[in-house]
Amino acid sequence: MLDSVVLSCSLLGLFLHVVEFTDGGITSSFVRSVDYSLDMPLNSDVFRPPPGYNAPQQVHITQGDHEGRGLIVSWVTPDSPGSNTVYYWVEGSKKKKYVEGIVLTYKYFRYTSGYIHHCTLKNLEFDTTYYYQLGLGDGNFSRTFTFTTPPSPGPDVPYTFGIIGDLGQTFDSNRTLAHYQKNPAKGQTLLFVGDLSYADNYPFHDNVRWDTWGRFTEGSAAYQPWIWTAGNHELDFAPHLGEHKPFIPYKSRYHVPFEASGSTSPLWYSIKRASAYIIVMSSYSAFGKYTPQYEWLEKEWAKVNRTQTPWLLVLMHCPLYNSYADTYMEGETMRVMYEPWFVEHKVDVVFAGHVHAYERSERASNIAYNITNGLCDPIKDESAPIYVTIGDGGNLEGLVTEMTEPQPTYSAYREASFGHGIFDIKNRTHAFFSWHRNEDGYAIVADSKWLLNRFWKPSEVPPLASA
Ligand SMILES: *[C@@H]1O[C@H](CO)[C@@H](O)[C@H](O)[C@H]1NC(C)=O
Ligand SMILES: *[C@@H]1O[C@H](CO)[C@@H](O)[C@H](O)[C@H]1NC(C)=O
Ligand SMILES: *[C@@H]1O[C@H](CO)[C@@H](O)[C@H](O)[C@H]1NC(C)=O
Ligand SMILES: *[C@@H]1O[C@H](CO)[C@@H](O)[C@H](O)[C@H]1NC(C)=O
Ligand SMILES: *[C@@H]1O[C@H](CO)[C@@H](O)[C@H](O)[C@H]1NC(C)=O
Ligand SMILES: [Fe+2]
């Protein structure tokens with residue numbers, strides 16, 4: 001008896017069971033042109049350093065506190081430490097404020113980094129455009145950028161997030177980023193679901209490719225916050241090179257406001273931004289019971305006030321639901337651990353990457369199984385999040401095309417093309433999610449779904465006709 005139940009829920013059993021479904025969602029028949037994802041060469045235009053001795057480069061910003069009034073500015077000076085100061089001022093004002101940051105370097109095998117600066121701006125005004133200047137008083141090569149702070153958290157604040165995963169630095173990566181920047185939906189903040197530079201695919205994890213990636217992404221990341229999630233390509237764990245501590249390049253270069261949410265690690269943290277509460281998790285850190293990540297997340301749920309921030313989003317790298325053959329069931333242990341919380345606390349969407357393709361799920365859960373009852377099939381569940389896999393940024397490993405067949409019922413739409421997502425919050429009840437493939441025009445929506453907030457609109461009503 002016990003044996004047969006265990007067998008039916010084993011990998012083989014689950015697979016056979018899935019085969020019994022007949023009415024899955026849509027597997028797109030779109031055929032993208034064959035075009036190998038080669039990394040852009042080192043002398044590419046997008047990797048060119050800014051002119052001038054020791055000019056600040058690889059500039060990127062991210063939220064710097066829990067509420068949205070803080071901003072972390074990070075940049076690299078290649079030749080000497082230079083200035084740690086960020087000057088900033090409100091559009092129109094001539095009075096500059098300034099704040100001092102820190103500078104660090106790290107070594108990785110035979111590579112030594114440039115001077116990496118991190119500086120936190122605090123108590124900014126909400127919903128305000130600022131200018132900021134780096135490198136002033138440090139030769140003549142200062143650079144000035146702008147950003148706009150989010151509105152104060154509140155229930156009906158419209159806000160537009162972009163979503164990109166597994167970007168890398170190929171010609172396809174370049175198309176994905178350009179497509180995102182030119183999308184008329186105008187993402188205001190980017191949710192990045194892990195796997196940044198893919199430097200680890202080079203001999204000795206050539207960290208020069210971390211620098212080129214920093215320069216490549218600056219055109220967006222210096223002007224709007226990128227909210228970082230760590231993926232497996234951030235591990236850079238290489239004992240054969242004497243690199244025993246994971247995440248060293250990533251943690252040195254990409255600082256996040258983890259302490260502001262009571263986290264003890266930059267690999268998991270949360271922020272509020274406009275009408276969204278965003279929880280970032282780490283697929284590649286311990287997450288079992290009693291671990292720091294588990295204990296932190298357990299306390300997070302009570303902090304979420306759905307009146308103030310109606311939209312509850314979770315970011316992680318490895319998807320919990322994925323019907324592609326590649327990485328199939330890799331997220332299963334984390335699903336078993338955390339899916340009950342996602343359903344109980346009515347998470348609206350879980351965004352993940354890792355699989356180099358796109359997939360959107362129905363609202364489904366798979367939490368009834370308890371070893372003895374045999375209930376191991378995903379079922380329709382209005383309290384469950386929608387799972388979006390969007391690891392289709394365009395890195396050098398290429399697309400994943402092989403899918404498990406037939407399409408499982410929980411899978412609403414899947415397609416192996418490069419692209420990005422937009423999560424457009426309208427008010428406390430409605431948000432419009434869209435996916436944009438690189439091969440289409442900038443305004444074209446390849447897949448979309450009106451989302452009704454799980455807290456304010458807990459049961460589905462007929463979807464609106466269009467965006
Ligand atoms: C990257 O894309 C931008 C924007 O479309 C373009 O100007 C640039 O030439 C591209 N670079 C490469 C190396 O493809
Ligand atoms: C900065 O500009 C001044 C005046 O144009 C020049 O004298 C000085 O050499 C420059 N400094 C650097 C580091 O280029
Ligand atoms: C939740 O947020 C609303 C709106 O900001 C506020 O009025 C309310 O007091 C908050 N509730 C709790 C329990 O903090
Ligand atoms: C497992 O689930 C079944 C029903 O689904 C229930 O009767 C049984 O008590 C559960 N066992 C445990 C250990 O919770
Ligand atoms: C919320 O936004 C949706 C979509 O734009 C709209 O249909 C609905 O009327 C809005 N709700 C309120 C209360 O304004
Ligand atoms: Fe990955």
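Counting convention: from 1, in listed order, for ligands and their atoms alike. Values below: every heavy atom of this structure, side chains too, minus hydrogens, waters and symmetry copies.
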| request: Tell me, yes or no, whether the heavy-atom count around Glu402 atom CD, taken from other residues, nucleotides or ligands under 6.0 Å, exceeds 12. | output: no
| Greater than 12 external heavy atoms within 6.0 Å of Lys107's NZ | no
| request: Verify whether the ring centers belonging to Tyr88 and Tyr131 lie closer than 6.0 Å. | output: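 Aromatic pair excluded; centres sit 6.0 Å or further apart.
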| request: Examine Phe161 together with Tyr159 and report whether their ring centres are nearer than 6.0 Å. | output: yes
For ligand 1, which atoms have a heavy atom of [X] less than 4.0 angstrom away?
X	answer
Phe171	13 (C), 14 (O)
Asn174	1 (C), 2 (O), 3 (C), 8 (C), 10 (C), 11 (N), 12 (C), 14 (O)
Asp45	8 (C), 9 (O), 10 (C), 11 (N), 12 (C), 13 (C)
Met40	12 (C), 13 (C)

Test: [X] and [Y] ion pair at under 4.0 Å:
X	Y	value
Arg454	Glu382	yes
Asp45	Arg48	no
Arg428	Asp156	yes

| query | Quick one: does Ser44 get an N or O within less than 3.5 Å of an N or O on ligand 1? | reply |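 There is no such contact.
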| For ligand 5, which atoms have a heavy atom of Trp450 less than 4.0 angstrom away? |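 Counting from 1, the qualifying ligand atoms are 4 (C).
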| Going by the atom numbers of ligand 5, which of them fall below 4.0 Å from some non-hydrogen atom of His430? | 1 (C), 2 (O), 3 (C), 4 (C)
| Quick one: does ligand 5 sit under 4.0 Å from the side chain of Phe432, the backbone, both or neither, non-hydrogen atoms only? | neither
| contact_flag Lys182 ligand 1 heavy-atom lt 4.0 Å |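 Yes, Lys182 has heavy atoms under 4.0 Å from ligand 1.
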| Which pair of non-hydrogen atoms, one from Pro155 and one from Pro310, has the smallest distance, and what is that distance? |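 Looks like O-CG, 3.3 Å.
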| field | Heavy-atom side-chain proximity of Glu234 to Tyr284 below 4.5 angstrom | value |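 SC-SC contact between Glu234 and Tyr284 ruled out.
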| request: Anything with a heavy atom under 4.0 Å from ligand 3 counts, so go ahead and list those protein residues by chain and number. | output: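 Residues near ligand 3: Asn305, Thr307, Gln308.
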| query | Should Asn427 be counted as touching ligand 5, given the test is an N or O pair under 3.5 Å? | reply |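 For ligand 5, there is an N or O atom that lies under 3.5 Å from one belonging to Asn427.
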| Residues two or more places apart in sequence or in another chain: which of them pass side-chain hydrogen bond (donor to acceptor under 3.5 Å, both in side chains) with Trp226? |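 So Trp226 forms a side-chain hydrogen bond (donor to acceptor under 3.5 Å, both in side chains) with Ser220.
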| request: For the residue pair Tyr294 and Tyr338, categorise the inter-ring angle as parallel (less than 30°), tilted (30 to 60°) or perpendicular (more than 60°). | output: tilted
